[in-house]
S.K.: 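Below you will find the structure I want to go over with you.
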Amino acid sequence: MKLKQLESLLGDLQQFSNPKVELEQYPTGPHIASRLLYTAENSFDDISNKVVADFGCGCGTLGAAAALLGAEQVIGIDIDPQSLEIASVNAEDLELDIDFVHCDISKLGWRGQMVDTIVMNPPFGTRKKGADLDFLSVALKVASQAVYSLHKTSTRDHVKRAALRDLNASSAEVLCELRFDVPQLYKFHKKKEVDIAVDLWRFVPKKS
């Protein structure tokens, strides 16, 4: 599947109608989502015929992209049941078979490297400090092949140091810098939309 086709399909998905600020719910736009998954598949062969989990899946955009690119199984996990309902509808609309799990990532009871690849757009940690690294910590314990994640560019040095020193990563590489377009979703947003510089990371877990 071509990148443009993937982006176009993801652009038709439903997004949060009533996002929850405490969960830092921001939609992962089709531009970023398509590039994240396309890079994972075409540069590293980390998606097709693999078991892929979408951590904090929200409305399921990253998981849908993984399924469209031929993942063997896709598991979307989120703490918010309303998001999972939207994600299920999105999967049905695209005729994709995705398993959804209602669970807090920090309480995920998986033991060992259960999936090949994890894709995620974690909370950036602006509401709950360190939330992004909490997600990464769990991801690097349960993925056997790679973790793809978006983090604010301003945290680059901190993320790299934490991943390699504390979180079980054998390598941590920024693949590209992207502009994350945050629309005016919440009352405290003064501007119509804001561009945030984010890094697309690929982490490789240490072999268990």
Side-chain angles (χ1 to χ4, degrees), residues 1-16 26-78 83 86-87 90-100 115-124 132 135-136 139-140 142-153 156 159-160 163 169 171-183 193 195-205:
M1 181 179 289
K2 297 264 194 316
L3 178 60
K4 269 203 157 43
Q5 188 187 359
L6 182 62
E7 185 173 345
S8 166
L9 286 168
L10 299 180
D12 292 335
L13 298 180
Q14 286 185 51
Q15 294 299 342
F16 304 107
Y26 294 98
T28 310
H31 177 82
I32 283 186
S34 57
R35 276 148 188 80
L36 190 157
L37 271 297
Y38 197 79
T39 303
E41 171 57 26
N42 289 286
S43 300
F44 299 99
D45 195 24
D46 280 335
I47 303 298
S48 67
N49 303 314
K50 305 290 190 295
V51 178
V52 179
D54 178 359
F55 271 18
C57 66
C59 300
T61 306
L62 294 176
L68 288 165
L69 290 174
E72 180 188 323
Q73 183 187 7
V74 179
I75 306 157
I77 304 166
D78 205 280
S83 298
I86 299 171
N90 283 334
E92 278 172 31
D93 286 349
L94 287 173
E95 298 180 0
L96 300 173
D97 187 12
I98 299 176
D99 299 309
F100 291 107
V115 296
D116 299 307
T117 305
I118 287 173
V119 294
M120 60 183 191
N121 172 21
F124 287 151
D132 54 338
F135 267 63
L136 187 58
L140 282 164
V142 300
S144 63
Q145 202 158 309
V147 175
Y148 291 85
S149 187
L150 298 165
H151 298 267
K152 282 165 106 167
T153 301
R156 183 179 294 177
V159 168
K160 183 159 199 161
S171 73
E173 180 191 0
V174 175
L175 301 179
C176 61
E177 191 180 309
L178 296 159
R179 308 302 297 179
F180 195 96
D181 177 32
V182 178
E193 58 183 31
D195 269 354
I196 298 174
V198 297
D199 292 336
L200 168 55
W201 287 86
R202 180 178 190 262
F203 303 93
V204 177

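FYI, side chains are in, hydrogens and waters are out, and symmetry mates aren't considered; it's all heavy atoms of this structure.
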S.K.: Quick one: do V198 and N121 satisfy side-chain contact (heavy atoms from CB on, under 4.5 Å)? Show the steps, please.
M.R.: CA-CA 10 Å; V198 297; N121 172 21; over 6 Å; no
S.K.: A side-chain contact here means heavy atoms from C-beta on lying under 4.5 Å apart; do C59 and N90 qualify?
M.R.: yes
S.K.: State whether the side chain of D99 and the backbone N or O of I75 hold a donor-acceptor pair below 3.5 Å, judged by distance alone.
M.R.: no
S.K.: Are V159 and R156 packed together at the side-chain level, in the sense that at least one heavy-atom pair is separated by less than 4.5 angstrom?
M.R.: no
S.K.: Mind checking whether L69 and S48 have side chains closer than 4.5 Å, heavy atoms only?
M.R.: no
S.K.: Where the side chain of K50 meets the backbone of E41, is there a donor-acceptor pair that is under 3.5 Å apart?
M.R.: no
S.K.: Give, for atom CE of M120 and atom CH2 of W201, the distance between the pair rounded to the nearest 0.5 Å.
M.R.: 12.0 Å
S.K.: Do the side chains of T153 and V174 get nearer than 4.5 Å, heavy atoms only?
M.R.: no
S.K.: What I'd like to find out is whether the side chain of F135 reaches to under 4.5 Å of the side chain of V147, using heavy atoms alone.
M.R.: no
S.K.: How close do A146 and D46 get, heavy atom to heavy atom, and via which atoms?
M.R.: CB-OD2, 3.4 Å
S.K.: Distance from D132 atom CG to L136 atom CG, nearest 0.5 Å?
M.R.: 8.0 Å
S.K.: Measure across T61 and A33 and return the closest heavy-atom pair with its distance rounded to 0.1 Å.
M.R.: CG2-CB, 3.6 Å
S.K.: Please round to the nearest 0.5 Å and tell me the distance separating atom CG of L6 and atom CZ of R35.
M.R.: 9.0 Å
S.K.: Show the nearest heavy-atom pair for residues A91 and I98, with the distance to one decimal.
M.R.: CB-CD1, 4.1 Å
S.K.: Is there a side-chain contact between S34 and Q5, using heavy atoms and a 4.5 Å cut-off?
M.R.: no
S.K.: Exactly one of L62, V119, I77 should register a side-chain contact (heavy atoms from CB on, under 4.5 Å) with F55. Which one does?
M.R.: I77
S.K.: Side-chain contact, heavy-atom cut-off 4.5 Å: M1 with L9?
M.R.: yes
S.K.: Counting C-beta onward and ignoring hydrogens, is there a side-chain heavy-atom pair between L3 and N42 closer than 4.5 Å?
M.R.: no
S.K.: Under the side-chain contact (heavy atoms from CB on, under 4.5 Å) test, which residues partner L175, sequence neighbours left out?
M.R.: T39, F44, Y148, E173, L200, R202
S.K.: Looking at CG of D97 and CD of E72, how far apart are the two atoms once the value is rounded to the nearest 0.5 Å?
M.R.: 11.5 Å
S.K.: Which heavy-atom pair separates H151 from F203 by the least distance, and what is that distance?
M.R.: NE2-CE1, 4.3 Å
S.K.: Quick one: pull up CG in D54 and CG in D78 and give me the separation to the nearest 0.5 Å.
M.R.: 8.5 Å
S.K.: Ignoring hydrogens, what is the shortest heavy-atom contact between P30 and E7? Give both atom names and the distance.
M.R.: CB-O, 3.5 Å
S.K.: Check for a donor-acceptor pair, side chain of D116 on one end and backbone N or O of V51 on the other, with a separation under 3.5 Å.
M.R.: yes
S.K.: Rounded to the nearest 0.5 Å, what separates atom CG in L37 from atom CD1 in I32?
M.R.: 12.5 Å
S.K.: Passes side-chain contact (heavy atoms from CB on, under 4.5 Å), L94 versus D12? Steps please.
M.R.: CA-CA 10 Å; L94 287 173; D12 292 335; over 6 Å; no
S.K.: So, for A87 and G58, which heavy atoms are closest and what is the spacing to 0.1 Å?
M.R.: CB-O, 3.6 Å
